[in-house]
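In what follows, a structure is listed as structure tokens, so that the remarks can point back to it.
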Amino acid sequence: MTLKDLYTDVILDHYKNPRNRREMEDPTNVANGHNPLCGDKLKLYVNVENDKIADISFIGQGCAIHTASISILTEKVKGLTLDEAKELIESFIGMLIENGEADEDKLGELVVLQGVKELHARVKCATLPWYTLDLALFGEDVSAEDDIKGLEIRLK
Amino acid sequence: MTLKDLYTDVILDHYKNPRNRREMEDPTNVANGHNPLCGDKLKLYVNVENDKIADISFIGQGCAIHTASISILTEKVKGLTLDEAKELIESFIGMLIENGEADEDKLGELVVLQGVKELHARVKCATLPWYTLDLALFGEDVSAEDDIKGLEIRLK
Amino acid sequence: MNESKTVVQEPHCNWSKEGPLDVAAIRADFPVLERIVRNGKSLVYLDSAARSLMPIQVIEAMKHFDSNHCANVHRGIHLLSDEATGAYEEARARIASYLGVSDAGEIIFVRNTTEALNLVAYAWGIHNLRSGDEIVLSVMEHHSNLVPWQQIAKMKDLVLKHIPITPSGELDLAEAERLIGQKTKIVSLVHMSNVIGVLNPMDDLSRMARNVGALFVVDGSQSAAHMHIDLSSLDCDFFAFSGYKMLGPTGIGVLWGKRTLLEEMPPFLSGGSMIEEVGLMSSTWAPVPQKFEAGTPNITGAVGLGIAAKYIQRMDRNRTLAHEHNLISYAVERLNELGGIEIYGDLSERASAIAFNIRGIHPHDTASILDSEGVAARAGHHCAQPFHVALGIDSSTRVSFQCYNTRTDIDRLIEAVIIAKEIFGL
Amino acid sequence: MNESKTVVQEPHCNWSKEGPLDVAAIRADFPVLERIVRNGKSLVYLDSAARSLMPIQVIEAMKHFDSNHCANVHRGIHLLSDEATGAYEEARARIASYLGVSDAGEIIFVRNTTEALNLVAYAWGIHNLRSGDEIVLSVMEHHSNLVPWQQIAKMKDLVLKHIPITPSGELDLAEAERLIGQKTKIVSLVHMSNVIGVLNPMDDLSRMARNVGALFVVDGSQSAAHMHIDLSSLDCDFFAFSGYKMLGPTGIGVLWGKRTLLEEMPPFLSGGSMIEEVGLMSSTWAPVPQKFEAGTPNITGAVGLGIAAKYIQRMDRNRTLAHEHNLISYAVERLNELGGIEIYGDLSERASAIAFNIRGIHPHDTASILDSEGVAARAGHHCAQPFHVALGIDSSTRVSFQCYNTRTDIDRLIEAVIIAKEIFGL
Ligand SMILES: Cc1ncc(COP(=O)(O)O)c(C=O)c1O
Ligand SMILES: Cc1ncc(COP(=O)(O)O)c(C=O)c1O
């Protein structure tokens, strides 16, 4: 794979114009994601209403892979139920971490990130937002402003 | 060299019947020799009168090389002037440490220890008594009971 | 991380993995055994307790790694660095498997046992020990399991106690029971003696430590090389050993610790690689095990150690131990036949080493004569001065064994001992 | 001791020792340079500041040592142990010669720079520093020269001060003069930056430290690999570096210290090999350098480092530095031509490394694209987070150079940067 195939227009577009990059005033759930190895940091705000993701946004900076991953994430999960979000998180992480096939039906646009799998050192760039979402939705005590130190352990 | 050639009758005789192994009541000079690497320890007593070694003795235990070296030493230096003793010390150490020829005229019986040179790890067994004598005669503050910690540095 | 490909291949071995140990074929893996040493004699290496030899599989794996994957670990995006990271973490996983540990993150790479024990003494000790607390060691310990505790004891005003030995050279368990009490915070003991080869009853000792809530630290320097270690059943908190005693290279060793303890402990050495974030005035720590691996590690050493572990696992530690037991029994029998030999410790079974003296010959002379006959043995206190004091001697001659030794080696030893006795007219 | 024969032969080199560096012939010594990496591309290795490659002479010397002289050092009477001791001490003497040090006993082998700096911080620091004492560092330091001092500062209630940088990225000497004052007990500074390749004016800084009677500690991790070091004229007290950055193996590094200081200092790690006599309750220390080398050292690593030092000395560090200066000037020129590139530090001369960013591309993306073109570079904070903060950035792309790099390598770098810009539509 040459990297022209990885850095598609979709990824570059999300990198240059990330969707939903803003703070949120009254989120129900918040989590911080941090990859100390590369310095990527993000804060994810979620507004869950009636078991559905009514709104989602983030702040933070990172590389193109990271930014595209979080930007697409916010678009894809808005409106999903918590169960549906959980399923998507698992599919996405499964695509990059396990040796399973990418489920195109479920993942849609997210399959553009599949190529990251071949670049071990970059996998975390793509998965960090998803682990952070998992934490925001299903972690313990995530409504508080919790600096999630342990996150990179799960990424290792 | 097989070790039969090193462990001659002379060495074994001195090992089994070391000469002048006894404490001394009123020595003028004392030094302790210690090789922590192998555990050899000796205390050397000298009685210097009118610039001559009137009496010399030692206590301590060690291997055959060490014991023969100290035993022959006591025999050889008794009666020597300090200058003569210094010369002998230098000849002996020179034989084992430097690449010079052994001076048989000066060293006499001591040449039986020449073979030790080929056994790097054993050279200190043979030289320790001589460094200790040097210290006893010419070191600073050696009339006191001085535990010569630094000795093995000089042996290195 | 997603490591699909193996970077460092497992060792290829030509000998059979079934039946008794095929020592002749195994010997062919050890290039040092081809050495001709003093007086044209072929080498008989009986000093494995000081350092074991290395099989060509380990030497070649390291050479291959340095020739192909020479890069630093962690953080690197480029292929070589990714491969080096993969190989380093593979080595960690191999050591975990060697020790029966399921969480490879509990494996900390250090230089040697000494550093591992210092790490525990400093990082756990400084922060958890209070004046008057007691540490129980034994008189059988290697200096590395004595001196760091002496240092901490001085710093924190602690009390050191030492389990004595019985006349047969074994730890005195009745005394141990008495010494390990309510004030005991750490019990740190050698698993297998590097002097007389006795295997200590760790289950009993662990139980005593557990009963009083003390940490149980095991110096596995010798045991890791000679017997099957299963840390899921050996109930200890820390286990330390060095690579170069188990067919691996120098400069790499292991501290295994329970994750919960490691996570609570402050770091020991600090600097690059063990941090999360660094500010000018303070920093936060990376997770375990990185927290304890400051600076660039011995990457190639870890790779070599991983292969050494696999090599030993292929031989099967039950097979090698049986082989060594056989050899040692034979050696003890032959030495005893000679007469005039004092063997230290009155043991029914010895692993790895025999310490003895020929009456009337100082061990340095013995070792020199053995050396001149091509037999590499060690003489001295073997970094266990207090143990020698307890045995009532200054020093001893030690012969120690590994998978590659044979009965012929012992016959050569016996011949050399006979020559020593002859030379000394005994 | 009486070491007549050389155990480890000096490296044999095929290239000419006169005239300009014969880089083509030198490259042939480095097996990794034959690697085909991503997408069938040959390797362009521009990550020597993280780890330099190893010449075959070093790799073979280590293999030869492990295959022939595999034994432990110190104390051993038998031939192999005597040879191993000889080789280890030979390595110490080679390092002394490399550093212009006449007393080889001042060379202490450690794992890496990080351990060396921790040793100074703990062993010297704990015993000599008092509440309120000041330590002066700089914002340019590698984490390894920041975090150990933070730890000691916390322990002993010390004050840390940091020399800032000027807009051009150099240490601000006027500020240094102001910060180094009567309360300063230690000044510890990096000799050559691992990020922007600036060479700090150690003579000026040393004078400032001397004026107030402070210790002067030099982090020579980068400088030891790239320039002629003469510790008889560089007026410092401690000098630390790692072997794997100067064509040697991982797992071995050096702390040089003045004998008088080393002799006064208590030991750091304790255990076997660093003791004189051990009792159950207390022990006495071996002389320098053994006092600081607890446990079995990385013998093979030291041997490899000794050969690496000789290899570099044969190339002649003035020649390699001139070669690297040439390359770096060319790289800077070509990068600047491209436009849209920010190079950090406005320096007339750079040694070893260039840190840059392509405007609009995150350095991780840059490094990945470089990697896919076969160019190994590094992206991140390079273990110098505070320095990046001072430069006003989060991270950078770093390319770094060694004797084996060529103009072709830089042309390949430039092509890859152009591809990165194309991919990102810049
Ligand atoms: C300037 C500088 N200091 C210290 C270090 C730390 O070296 P090590 O990881 O070998 O301890 C490095 C290497 O990355 C460095 O470049
Ligand atoms: C029982 C025991 N403990 C500790 C050590 C110390 O090991 P190292 O020198 O590798 O730190 C040794 C090795 O001599 C040993 O045999």
Side-chain angles (χ1 to χ4, degrees), chain C residues 31-32 37-38 50-51 53-54 59 63 66-68 70-72 75-80 111-112 114-115 118 142-144 146-148 150-151 160 162 242 244 249-251 269-272 275 278 280-283 294-296 298-301 364 367-368 371 376 378-380 383 385-386, chain D residues 31-32 37-38 50-51 53-54 59 63 66-68 70-72 75-80 111-112 114-115 118 142-144 146-148 150-151 160 162 242 244 249-251 269-272 275 278 280-283 294-296 298-301 364 367-368 371 376 378-380 383 385-386:
Chain C
V32 178
V37 284
R38 308 265 193 209
R51 178 174 183 184
L53 303 177
M54 281 163 78
I59 297 172
K63 175 178 168 171
D66 282 337
S67 303
N68 288 278
C70 201
N72 209 323
R75 292 169 203 234
I77 285 174
H78 62 79
L79 180 66
L80 260 56
R111 178 173 39 243
N112 51 28
T114 303
E115 189 188 12
N118 276 269
H142 187 280
H143 295 163
S144 292
L146 291 173
V147 192
Q150 292 173 357
Q151 295 292 91
L160 297 179
H162 299 87
S242 301
Y244 67 88
T250 50
L269 301 181
S270 59
I275 52 82
V278 175
L280 286 174
M281 294 303 175
S282 68
S283 307
T296 299
N298 186 351
I299 308 168
T300 311
H364 286 126
S368 280
D371 175 50
R378 200 148 277 245
C383 295
Q385 270 185 321
Chain D
V32 178
V37 284
R38 308 265 195 209
R51 177 173 184 184
L53 304 178
M54 279 162 81
I59 297 172
K63 175 177 168 172
D66 282 336
S67 303
N68 290 276
C70 202
N72 209 323
R75 293 171 201 231
I77 284 176
H78 63 79
L79 180 67
L80 261 55
R111 179 172 38 241
N112 51 30
T114 303
E115 189 189 12
N118 275 269
H142 187 280
H143 295 163
S144 293
L146 291 172
V147 191
Q150 292 173 358
Q151 295 292 90
L160 298 178
H162 299 87
S242 302
Y244 68 88
T250 50
L269 301 181
S270 59
I275 51 81
V278 175
L280 286 174
M281 294 303 176
S282 70
S283 307
T296 299
N298 186 351
I299 309 168
T300 312
H364 286 127
S368 280
D371 175 49
R378 200 149 277 244
C383 296
Q385 270 185 322

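Throughout, protein chains are lettered first and strands after them, A, B, ... in sequence-line order, and every chain is numbered starting at 1. Computation of the quantities below employed the complete heavy-atom set of this structure, encompassing side-chain atoms and omitting hydrogens, waters and symmetry-equivalent molecules.
The candidate from C70(D), S144(D), S270(D) with the greatest count of non-hydrogen atom pairs under 4.5 Å with chain C is S270(D). With respect to chain D, the highest number of heavy-atom pairs below 4.5 Å among P249(C), S282(C), G301(C) belongs to S282(C). The most heavy-atom pairs under 4.5 Å with chain C, out of L53(D), N68(D), V37(D), come from N68(D). Comparing A367(D), P148(D), A50(D) by heavy-atom pairs within less than 4.5 Å of chain C, the highest count is held by P148(D).
Between the CG atom in N298(C) and the CG atom in N298(D) there is a gap of 5.5 Å [rounded to 0.5 Å]. From R111(C), atom CZ reaches atom CZ of R111(D) across 5.5 Å, with rounding to the nearest 0.5 Å. One distance of note links CD1 of I59(D) with CG of D66(C); it measures 5.0 Å at 0.5 Å rounding. Interatomic distance, CG of L280(C) versus CG of L160(D), reported as 9.0 Å (0.5 Å rounding). Rounding to the nearest 0.5 Å gives a distance of 6.0 Å between CG of L269(C) and CD of E115(D).
Side-chain atoms of I299(C) and Y244(D), non-hydrogen and from C-beta on, never get closer than 4.5 Å to each other. Contact of the I77(D) side chain with the R378(C) side chain is not registered, since no non-hydrogen atoms from C-beta on lie closer than 4.5 Å.
In this structure, the portion of L146(D) lying under 4.5 Å from any heavy atom of chain C is its side chain and not its backbone. If you measure heavy-atom distances from N72(C) to chain D, the contacts under 4.5 Å come from both the backbone and the side chain. When heavy atoms are compared at a cutoff of 4.5 Å, S242(C) does not approach chain D at all.
When the side-chain contact (heavy atoms from CB on, under 4.5 Å) test is applied to A71(D), the partners found at least two apart in sequence or on another chain are Y45(C), H78(D), L80(D), S81(D), A84(D). Under the side-chain hydrogen bond (donor to acceptor under 3.5 Å, both in side chains) criterion, S283(D) pairs with Q150(C), not counting sequence neighbours.
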